[in-house]
Trainee: 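I have a structure here, written as structure tokens, and I will follow up with some questions on it.
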Amino acid sequence: MAKKKLVVVGNGMAGARAVEEVLARGGADMFDITMFGAEPYGNYNRIMLSNVLCGIQDASEIYINPLDWYAENGIVLHAGSPVAEIDRASRKVRTESGLIADYDVLLIATGSRAFIPPMQGLNGPDGKIKTGVFGFRTIDDCDGIIASAKTSRKAVVIGGGLLGLEAARGLMTHGTEVHLVHLGSFLMPAQLDSESGLMLRRTMEKMGVTIHLERNTAEILGEEKVTGLRFKDGDTLDCDMVVVAAGIRPNSEIGRGAGLTVERAIVVDNHMRSVDDMNIYVVGECAQHRGQVYGLVAPLWDQAKVFADHVTGADPDAAYHGSKLATKLKVMGVELASMGITEPEHELDEVVRFSEARHGTYKKLIVREGRLVGGILMGDISKAAYLMQAFDRETPLPDERLSLLFDLGTPPQKVTLDEMPATAQVCNCNGVTKAAIGACVASGKRTPKAVMGATRAGMGCGSCKALVGEVVAWFCGGDMEEDPSVHYYVQCIPLAKPELIAAIREKGLKSVSAVFAALATDGRPDAASKPALASLLITLWNAEYEDERDARFINDRVHGNIQKDGTFSVVPEMPGGVTTPAELMRIAQVAVKYDVPLVKLTGGQRIDLVGVAKHDLPGMWADLDMPAGWAWAKSYRTCKSCIGTDYCRFGLGDSMGLAKKIEGKFRGIDSPGKLKLATAGCPRNWSVAMVEDVGAVAIGDDRWEIYVGGAAGSHIRKGDVLCTVTGEDEVVRITGRFMQWYRENAKYKERTHTFIERMGLDRARAVVVDDSDGIAAALDAAMEAATAAVRDPWLEREKPKTENQFAAPIPVEA
Amino acid sequence: MPQLIGPLSQIPPGEGRIFVVDGVSIALFHTRSGGVYATQAYCPHRGGPLADGLIDEATLVCPLHDRIFSLASGEGIGNDCALAVYPASVLDNQIHVEVKKTHVDAD
């Protein structure tokens with residue numbers, strides 16, 4: 001049978017998704033697919049434009065279907081080629097550029113555009129939109145806003161809805177003064193009520209955005225370029241740029257031109273088919289179904305599925321019944337969830353409400369006949385998942401309404417997942433239900449990553465990733481642990497760390513390439529596994545390790561920490577944060593001589609020279625004439641200290657002296673994760689030793705408490721007291737023994753705070769302090785051997801280890 | 001026309017280096033088994049210097065954000081980016097690369 005011609009007008013999220021759904025139903029064998037898009041790009045995730053504006057993501061990261069995807073699926077894409085008209089009689093579309101395509105089935109998915117309210121002075125003398133005025137709808141809009149914000153002093157956003165707030169947030173990150181002008185009396189009227197809208201206003205003003213409510217913009221001032229706004233009441237507001245985010249309007253003109261019924265958008269039946277022409281379907285923001293036009297992404301996914309089911313015949317009865325609107329979002333750092341109506345509509349509607357302006361927390365639910373019909377959660381959205389599900393499924397609510405707003409002795413997560421109906425949506429962006437995840441797990445995908453890849457759950461806005469992981473774990477039950485690869489030390493060798501160590505020792509493998517050859521699947525090397533293996537081999541073999549520089553991350557090849565622009569940082573050793581005037585002068589002279597762009601004190605009480613070109617490293621090290629600080633490596637990093645006994649009125653122990661001793665002993669020891677240490681001269685703990693990997697705190701009479709497993713980075717954990725010892729030498733010995741035990745047993749990149757929780761503090765005490773396993777002497781000896789094998793890598797300045805190790809880009813002449 | 005780059009020994013086995021050929025920066029890699037590959041010099045994601053990345057016989061890992069690419073085709077593995085690649089070969093221990101001028105330097 002000859003294939004039919006499916007033509008898709010619109011290459012946005014709706015059009016591309018609809019085509020994906022068609023392909024998923026074997027549509028490639030039924031249709032020759034041609035797509036027309038107005039923008040000259042592949043298909044991208046418009047929701048993420050606000051991240052692009054904020055600089056969180058790059059425009060290249062928000063593509064859903066890059067251009068290759070079209071070719072791979074045999075789709076003819078005409079990007080940058082908007083369709084001008086549809087001739088229904090001859091079933092043809094014609095583009096503005098005159099291109100003509102025949103169709104058997106036509107899908108209109110032209111979406112919507114930024115709505116620019118009528119204002120005087122919108123256009124410049126050339127008749128085009130005035131310089132400095134932007135919509136906020138496309139990648140090009142985003143690029144324009146970013147470029148303009150760089151040189152603008154004051155930016156105004158018109159529109160206090162979600163889009164306007166996102167635009168204001170984005171502009172804030174570009175350093176310009178930001179004002180937001182809104183016609184209504186409170187922000188986000190579609191999602192909030194007046195009280196929560198005003199709370200959000202206060203939060204935003206605290207962040208530095210000036211809000212102007214109930215302001216109707218009459219005119220954009222300026223001749224060639226924007227200089228300000230004039231409001232209806234005559235007041236003016238000067239500014240250099242304006243972003244209009246006053247809502248969207250469906251692109252339904254194409255339908256009207258073709259004689260289709262258009263009200264607010266193109267009117268469709270339950271199959272997403274035009275009510276006038278059975279060969280034309282419409283999905284997304286340009287479709288009107290049962291009087292509703294949707295501007296959110298979840299309804300669009302549902303519509304795309306119905307269209308695909310119907311047009312491919314996979315389900316000729318497929319019908320769309322409308323969507324209930326519930327969204328979870330983050331505006332200017334404020335967590336927000338909104339569903340259904342925002343104000344009671346009937347006399348008997350019941351309102352459950354909690355408000356705490358001081359913390360910016362607001363919760364309001366509207367209950368009708370025991371079911372949730374509307375809700376607003378702001379500040380604390382911990383109950384959002386449950387409530388959105390209750391809203392969507394119209395499930396009866398518990399009698400105790402208070403439990404809707406707060407967790408009162410919450411049931412454990414498992415019970416909640418047990419209770420979650422199979423049809424409940426876990427990922428709202430991509431419309432993935434609990435049942436769909438279950439089916440995916442049943443088909444053999446047993447890790448969250450695999451399930452996310454197959455179902456696309458969690459791949460939209462990403463806010464449900466944690467929940468997806470929990471649901472996968474729930475379906476896997478105990479099985480998830482049976483995925484053995486999570487225990488492998490590196491992914492290319494199917495052995496956990498103890499077995500891997502045994503194999504390496506037995507075969508005497510001393511280089512990373514030897515390990516690959518002997519143990520990896522097919523003897524095949526794996527780039528990503530190299531650093532982990534190098535770290536392990538150094539720990540096992542010390543001086544006997546056969547160093548292959550290609551096995552190490554760039555930081556360990558050139559002994560500096562790589563920065564975002566490919567430059568490196570130079571941190572000389574400075575034990576305990578103690579330096580001398582002579583050292584400081586040398587550091588300053590080096591910074592001047594090499595024109596170092598940034599000199600920064602580090603959290604480790606050292607000095608960081610940042611932004612150094614690779615080829616300048618050897619010269620700088622030579623001029624500094626200080627030992628390397630190892631600030632680039634997964635290794636012992638440094639030992640901070642407080643001022644100790646020399647000058648401090650409270651000092652009980654010589655923390656500076658001990659820090660110097662510790663650093664002299666352990667500098668440069670490779671380890672699975674970084675090791676940051678500190679000593680404190682008294683329990684006032686000014687050097688924050690209790691939140692380091694190992695910390696020693698003086699408690700008087702030459703006694704020291706040793707803390708292990710502390711952390712104060714992305715994870716915060718107070719360290720556990722491993723033991724209390726007498727004398728600095730004993731501190732050094734126990735510290736070394738603990739670190740060696742960690743080196744031999746931790747997974748790669750597992751920091752001590754995770755390690756200590758995995759092994760248990762009691763186990764750590766038993767092995768390291770009480771020698772329950774009789775390995776204390778062996779651990780001490782291994783640490784001695786390790787420290788003896790360490791060389792200052794900055795001495796490679798004299799004799800580089802590899803060819804062009806520190807070379808600048810190498811010129812080649814023709 | 002392939003361009004003569006110079007001796008293979010300029011690049012240690014298993015590593016990469018940046019070369020500037022007639023004003024175009026390229027990353028050249030020398031695998032442990034002796035293969036030579038040439039790609040654009042900077043990662044399309046955030047401009048990471050690809051020659052500083054880890055490689056094996058088939059793939060390259062960007063040093064900034066661990067994006068993985070095929071050395072031979074430049075195709076992103078698990079990501080949507082792609083690298084420009086240039087035909088490279090070794091003759092008598094000399095590297096030759098055909099740098100197509102149509103590719104814009106990504107830096």
Side-chain angles (χ1 to χ4, degrees), chain A residues 42 44 57-58 60-69 449 453 492 511-513 516-517 520 522-532 534 548-558 561-568 614 800-814, chain B residues 1 3-33 41-61 63-66 68 71 75-76 78-82 95 97 99 107:
Chain A
Y44 59 87
Q57 282 183 304
D58 188 74
S60 67
E61 290 174 87
I62 66 168
Y63 281 93
I64 302 172
N65 301 107
L67 293 171
D68 292 351
W69 175 82
K449 200 175 156 197
C492 67
S511 70
V512 172
S513 59
F516 284 132
D522 300 334
R524 205 184 303 133
D526 172 47
S529 301
K530 286 176 163 187
E548 292 170 342
R549 276 300 159 83
D550 65 294
R552 311 230 61 183
F553 185 55
I554 186 65
N555 286 8
D556 294 295
R557 295 184 195 169
V558 300
N561 199 346
I562 192 166
Q563 307 294 312
K564 64 186 277 190
D565 59 355
T567 63
F568 292 86
K614 196 195 279 176
K801 171 95 178 165
T802 60
E803 201 66 31
N804 291 317
Q805 184 176 358
F806 303 106
I810 304 162
V812 179
E813 297 308 328
Chain B
M1 266 292 288
Q3 159 99 44
L4 173 68
I5 301 295
L8 180 59
S9 60
Q10 292 176 94
I11 313 172
E15 295 193 33
R17 294 287 182 263
I18 296 182
F19 290 80
V20 184
V21 184
D22 289 346
V24 180
S25 299
I26 61 168
L28 262 173
F29 300 93
H30 176 195
T31 71
R32 282 199 153 259
S33 72
Y42 301 99
C43 184
H45 172 226
R46 289 282 170 91
L50 295 168
D52 284 346
L54 289 154
I55 62 166
D56 48 39
E57 293 300 321
T59 60
L60 148 69
V61 185
L64 290 195
H65 305 100
D66 296 341
I68 303 177
L71 281 170
E75 189 186 346
N79 67 77
D80 290 339
C81 295
I95 309 169
V97 176
V99 179
D107 189 11

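Chain A is the first sequence line, chain B the second, and so forth, proteins listed ahead of strands; every chain is numbered from 1. Source: prediction; values computed, not measured.
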Trainee: Could you look at H65(B) and say if it's the side chain, the backbone, both or neither that has a heavy atom under 4.5 Å from chain A?
Mentor: neither
Trainee: Quick one: NZ on K564(A) to CZ on R46(B), what's the gap to the nearest 0.5 Å?
Mentor: 7.5 Å
Trainee: For a 4.5 angstrom cut-off between non-hydrogen side-chain atoms, does I11(B) reach N804(A)?
Mentor: no
Trainee: Given that the side chain runs from C-beta out, which part of I68(B) has a heavy atom under 4.5 Å from chain A: side chain, backbone, both or neither?
Mentor: neither
Trainee: Let me know if R552(A) has heavy atoms under 4.5 Å from chain B in its side chain, its backbone, both or neither.
Mentor: backbone
Trainee: Per the side-chain contact (heavy atoms from CB on, under 4.5 Å) rule, which among R557(A), E803(A), Q805(A) passes with E15(B)?
Mentor: R557(A)
Trainee: With a 3.5 Å distance limit and no angle check, can you tell me whether K530(A) reaches the backbone of I55(B) through a side-chain donor-acceptor pair?
Mentor: yes
Trainee: With sequence neighbours excluded, what pairs up with F806(A) under the ring pair (Phe, Tyr, Trp, His ring centres under 6.0 Å) test?
Mentor: W621(A)
Trainee: So do the side chains of E75(B) and D68(A) get within less than 4.5 Å of each other, counting heavy atoms only?
Mentor: no
Trainee: Heavy-atom distance under 4.5 Å to chain B: side chain of S529(A), backbone, both or neither?
Mentor: neither
Trainee: Check F568(A) against D52(B) and note the closest heavy-atom contact, atom names and distance.
Mentor: CZ-OD2, 3.9 Å
Trainee: Between R17(B) (side chain) and I810(A) (backbone), is there a donor-acceptor pair under 3.5 Å?
Mentor: no
Trainee: Give, as side chain, backbone, both or neither, the part of S9(B) having an atom under 4.5 angstrom from any heavy atom of chain A.
Mentor: backbone
Trainee: Quick one: are S513(A) and R32(B) in side-chain contact, heavy atoms under 4.5 Å?
Mentor: yes
Trainee: What part of L67(A) gets within 4.5 angstrom of chain B, counting heavy atoms only: side chain, backbone, both, or neither?
Mentor: neither
Trainee: Looking only at heavy atoms, what is the nearest atom pair of V61(B) and A527(A), with distance?
Mentor: CG2-CB, 3.8 Å
Trainee: Mind ranking D56(B), I5(B), T31(B), I18(B) by heavy-atom pairs under 4.5 Å with chain A and telling me who comes out on top?
Mentor: D56(B)
Trainee: Which bit of A551(A) is near chain B, if near means a heavy-atom gap under 4.5 Å: side chain, backbone, both or neither?
Mentor: backbone
Trainee: Side-chain contact test, heavy atoms from C-beta onward, threshold under 4.5 Å: evaluate it for I554(A) versus P49(B) and give yes or no.
Mentor: no
